[in-house]
*Asks:* 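So that we are looking at the same thing, I have put the structure below in structure tokens.
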Amino acid sequence: MEYKKLAIVGELGAGKTQLVSTLSEISPFETEVESTIDIGKQFTTVGIDYGRIRLDEQTALGLYGVPGQERYSFLWEMVSKSIWGLVILFKYAEHADMANLDHLLSFFEPGQRKTPCVIALSHIENAGAEQVEDLVEEIQTVLKAHQLVAPVIEVDNRAKDSAINLLYTLTAISQY
Amino acid sequence: MPEHRLKAVLYISDPVKAKGTGLMPRELPEIYQKSRRNNAANGISGLLSFTSNQYIQLIEGKVKDVDRLFDKIQADSRHTNVQVLAETNISKRYLEAHALKLVSSMPRYPAIRAFIRDHSEFVVKLSQSQQALLGIKRPSRRDSYAGTRLRLERWPDFKRIRQTPSVIEFCAHLASGVRSYDDMTRRMTPETRSITNRLLTLFDEMGILIVDTLDDKTPLVATQVNRDGFYQKMKMFLAKR
């Protein structure tokens with residue numbers, strides 16, 4: 001059995017649960033609880049979201065949605081073993097959490113370990129063009145500090161085509 | 001000196017040794033956020049970049065405001081080795097709308113190109129590495145890429161180009177290392193080569209394509225393609241979607 005992992009790492013409310021659910025071929029296993037702070041939705045993930053894509057009888061890609069906050073880095077350890085790809089999911093906010101992105105990239109080291117990596121921007125439909133540009137530049141500044149050339153792509157976590165496009169991009173990168 | 005006179009200071013500095021686990025200076029987000037607020041309150045506009053492990057900043061505003069801010073900057077313990085690249089009176093602001101804009105690459109930003117064009121007298125005093133930071137030696141868009149080495153500095157903004165499978169494949173190839181244009185296009189049909197040239201021109205216009213001539217010393221990385229079983233199975237899965 002060949003089994004690899006796609007880590008979908010993101011901050012609170014970025015849409016990890018939805019993205020895993022959109023991509024998964026099995027009913028995703030979620031560990032959600034009622035949120036104690038206002039993040040615009042009632043429930044949030046405290047552990048991992050798990051889903052799976054079966055490629056053939058012997059091969060599968062596990063989908064692991066894990067929180068991006070540093071206090072959950074023990075979960076990063078778990079998903080970093082047999083990792084095939086890394087999606088860092090950002091929801092639109094006024095600014096990117098650059099320090100946390102720096103920390104995530106230092107942990108997963110996608111450049112050094114040749115792990116295909118995509119930065120996905122969600123919930124940006126309400127942002128203006130200049131706000132999105134500022135957000136992208138903040139992200140690119142951190143990528144550049146890591147000498148990582150990775151795509152920054154808008155994603156609609158609910159749309160199958162948009163989610164599949166992330167997989168397509170990761171697959172294209174994985175051959176190099 | 002009249003109150004309304006404007007000036008600009010362009011400088012570089014080194015971050016203090018990072019104590020965190022990351023590669024970015026821990027102080028950068030704080031510098032960026034606080035400076036945005038302070039600049040807005042003091043009528044300063046600015047452009048900040050962290051690249052090649054150096055800060056580069058252009059600040060502009062009324063003479064007394066810029067002088068006061070630059071005194072503070074020089075005394076700030078969050079960076080060291082402050083070197084002024086240009087200090088000049090200006091007749092107009094180049095960054096009118098921005099209290100402080102963070103950019104990942106100075107050369108990509110039109111305001112810095114305009115500032116350099118209008119104040120080119122300082123360029124001759126810069127070292128080669130300083131000129132490279134500002135993109136002064138960056139080759140301009142060309143008609144032919146024959147005999148060049150190519151590399152994507154960053155992936156394109158997919159608002160400006162359609163995110164088709166072939167564009168994604170091409171970007172993945174060019175982002176993964178320095179590529180020889182001649183090797184890349186040798187076996188292409190005229191039609192495919194024409195499409196490739198159009199894409200390269202567009203990337204060049206976006207300021208994301210690094211173009212070097214073949215006599216440069218950048219080593220060429222042989223294209224190592226790893227289309228293993230897992231890759232093939234992913235491709236088959238995606239083809240059905």
Side-chain angles (χ1 to χ4, degrees), chain A residues 2 4 53-56 58-61 70 84-85 94-107 114 116 118-119 129-130 132-134 136-154 160-161 163-165 167-176, chain B residues 18 20-26 28-30 32-33 36 48-53 97-98 101-105 108-109 151-159 163 165 167-177 208 221 223-238 241:
Chain A
E2 187 176 20
K4 297 195 178 186
I53 292 172
R54 198 182 76 123
L55 299 179
D56 64 22
Q58 294 298 317
T59 317
L61 178 66
E70 196 178 339
W84 169 78
E94 192 183 350
H95 296 291
D97 186 341
M98 296 170 69
N100 199 52
L101 176 59
D102 185 34
H103 190 67
L104 276 170
L105 292 175
S106 298
F107 178 87
K114 292 200 169 290
V118 169
I119 313 294
E130 192 170 342
V132 175
E133 183 194 315
D134 284 350
V136 169
E137 286 302 304
E138 291 161 16
I139 291 168
Q140 290 284 3
T141 295
V142 186
L143 296 182
K144 201 164 182 178
H146 286 261
Q147 298 182 316
L148 180 65
V149 184
V152 181
I153 296 175
E154 292 175 24
K160 192 95 177 174
D161 285 354
I164 288 288
N165 182 55
L167 289 185
Y168 193 95
T169 307
L170 289 163
T171 304
I173 298 170
S174 76
Q175 62 192 306
Y176 298 108
Chain B
T21 54
L23 296 180
M24 187 186 72
R26 287 173 69 189
L28 178 54
E30 185 196 17
Y32 172 47
Q33 302 296 353
R36 270 171 81 111
L48 171 67
S49 183
F50 177 72
T51 187
S52 301
N53 209 31
H98 306 295
K101 192 172 180 73
L102 181 70
V103 293
S104 60
S105 163
R108 289 189 68 239
Y109 201 68
R151 179 170 64 85
L152 267 191
E153 188 180 43
R154 62 193 265 177
W155 280 63
D157 174 357
F158 285 112
K159 281 199 175 69
Q163 206 172 335
V167 167
I168 291 171
E169 292 286 346
F170 189 56
C171 291
H173 181 67
L174 272 185
S176 62
I208 59 172
V221 180
T223 307
Q224 291 179 342
V225 182
N226 178 24
R227 292 175 182 151
D228 59 13
F230 195 84
Y231 169 85
Q232 300 294 352
K233 287 169 187 173
M234 282 299 298
K235 288 289 278 186
M236 283 172 63
F237 167 79
L238 292 166
R241 294 300 178 276

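Chain letters run A, B, ... following the sequence lines, proteins first, then strands; residues in each count from 1.
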*Asks:* What are the two closest heavy atoms between B:Trp155 and A:Ala150, and how far apart are they?
*Replies:*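 Nearest pair, atom of B:Trp155 first, then A:Ala150: CD1-C, 3.6 Å.
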
*Asks:* Mind checking the CD-NZ spacing from A:Gln175 to B:Lys235? Nearest 0.5 Å is all I need.
*Replies:*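 If we round to the nearest 0.5 Å, A:Gln175:CD and B:Lys235:NZ are 6.5 Å apart.
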
*Asks:* I'd like to check B:Ile168 versus A:Asn165 (side-chain heavy atoms, cut-off strictly below 4.5 Å). Are they in contact?
*Replies:*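 The answer is yes; the side chains approach within 4.5 Å.
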
*Asks:* Under 4.5 Å heavy-atom distance to chain A, tell me which part of B:Asp228 shows up: side chain, backbone, both or neither.
*Replies:*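 Contact with chain A: side chain only.
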
*Asks:* Considering only heavy atoms from C-beta outward, does the side chain of A:Asp134 approach that of B:Lys101 to under 4.5 Å?
*Replies:*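 In short, these two side chains touch, coming nearer than 4.5 Å.
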
*Asks:* Pick one of side chain, backbone, both or neither for A:Ile153, based on which atoms fall under 4.5 Å of a heavy atom in chain B.
*Replies:*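 Just its side chain gets close to chain B.
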
*Asks:* To the nearest 0.5 Å, what is the distance between CZ (B:Arg108) and CD (A:Gln140)?
*Replies:*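 Here the rounded value is 7.5 Å.
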
*Asks:* Heavy atoms only, distances under 4.5 angstrom: which of B:Ala175, B:Ala172, B:Gly229 has the most pairs with chain A? Name it, please.
*Replies:*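 Most pairs with chain A among the choices: B:Ala172.
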
*Asks:* Give, as side chain, backbone, both or neither, the part of A:Ile164 having an atom under 4.5 angstrom from any heavy atom of chain B.
*Replies:*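 Backbone plus side chain of A:Ile164, per the 4.5 Å heavy-atom cut-off to chain B.
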
*Asks:* Side chain, backbone, both or neither: which part of B:Glu30 has an atom under 4.5 Å from a heavy atom of chain A?
*Replies:*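 Contact with chain A is absent: no heavy atom of B:Glu30 under 4.5 Å.
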
*Asks:* Please evaluate residues A:Thr141 and B:Leu28 with respect to the criterion side chain to side chain contact (heavy atoms under 4.5 Å, CB included), reporting the C-alpha separation (whole Å), side-chain torsions for both, the decisive distance (0.1 Å), and the verdict.
*Replies:* CA-CA 10 Å; A:Thr141 295; B:Leu28 178 54; 3.9 Å; yes

*Asks:* A:Asp102 and B:Leu23: which non-hydrogen atoms are nearest, and at how many Å?
*Replies:*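 In terms of heavy atoms, the two residues are closest at OD1-N, 3.0 Å.
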
*Asks:* Give me the atom names and distance for the closest heavy-atom approach of B:Pro165 to A:Tyr168.
*Replies:*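 That closest heavy-atom pairing would be CB-OH, 3.3 Å.
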
*Asks:* Is the number of heavy atoms from other residues, nucleotides or ligands within 6.0 Å of NZ (A:Lys114) greater than 12?
*Replies:*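 Count not over threshold, so no.
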
*Asks:* Where on A:Glu2 is there a heavy atom nearer than 4.5 Å to chain B: the side chain, the backbone, both, or neither?
*Replies:*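 It is the side chain, since no backbone atom gets that close.
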
*Asks:* Could you please spell out the steps behind the salt bridge (Lys or Arg N to Asp or Glu O under 4.0 Å) verdict for A:Glu137 and B:Arg154?
*Replies:* CA-CA 11 Å; A:Glu137 286 302 304; B:Arg154 62 193 265 177; 3.0 Å; yes

*Asks:* Measure distances from A:Leu105 to the heavy atoms of chain B and classify the residue's part below 4.5 Å as side chain, backbone, both or neither.
*Replies:*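 It is neither, since no heavy atom gets under 4.5 Å.
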
*Asks:* If every non-hydrogen atom of B:Tyr231 is compared with every non-hydrogen atom of A:Thr171, which pair is closest and at what distance?
*Replies:*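 Looking at all heavy atoms of both residues, the shortest contact is CE1-O, 3.4 Å.
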
*Asks:* Within the 3.5 Å criterion, strictly below it, is a donor on B:Ser104 or A:Lys144 matched to an acceptor on the partner's side chain?
*Replies:*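 Checked: B:Ser104/A:Lys144 side chains show no N/O donor-acceptor pair below 3.5 Å.
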
*Asks:* Work out which heavy atom in A:Glu138 is nearest to a heavy atom in B:Tyr32; give both atom names and the distance.
*Replies:*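 Scanning both residues completely, I find the closest heavy atoms to be OE2-OH, 2.8 Å.
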
*Asks:* Given the options B:Phe50, B:Phe237, B:Phe158, which has more heavy-atom pairs under 4.5 Å with chain A than any of the others?
*Replies:*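 Greatest number of close heavy-atom pairs with chain A: B:Phe237.
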
*Asks:* Apply side chain to side chain contact (heavy atoms under 4.5 Å, CB included) to residues B:Asn226 and A:Tyr176 and explain how you reach the verdict.
*Replies:* CA-CA 6 Å; B:Asn226 178 24; A:Tyr176 298 108; over 6 Å; no

*Asks:* How far does CG of A:Leu167 sit from CZ of B:Arg241, to the nearest 0.5 angstrom?
*Replies:*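 It is 9.5 Å, given to the nearest 0.5 Å.
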
*Asks:* With a 4.5 Å cut-off on side-chain heavy atoms, are A:Met98 and B:Leu102 touching?
*Replies:*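 Touching, per the 4.5 Å side-chain cut-off.
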
*Asks:* Side chain, backbone, both or neither: which part of A:Thr59 has an atom under 4.5 Å from a heavy atom of chain B?
*Replies:*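 A:Thr59 touches chain B through side-chain heavy atoms alone.
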
*Asks:* Identify whether the distance between the nearest side-chain nitrogen and carboxylate oxygen of B:Lys159 and A:Glu133 falls below 4.0 Å.
*Replies:*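 No, B:Lys159 and A:Glu133 are not salt-bridged.
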
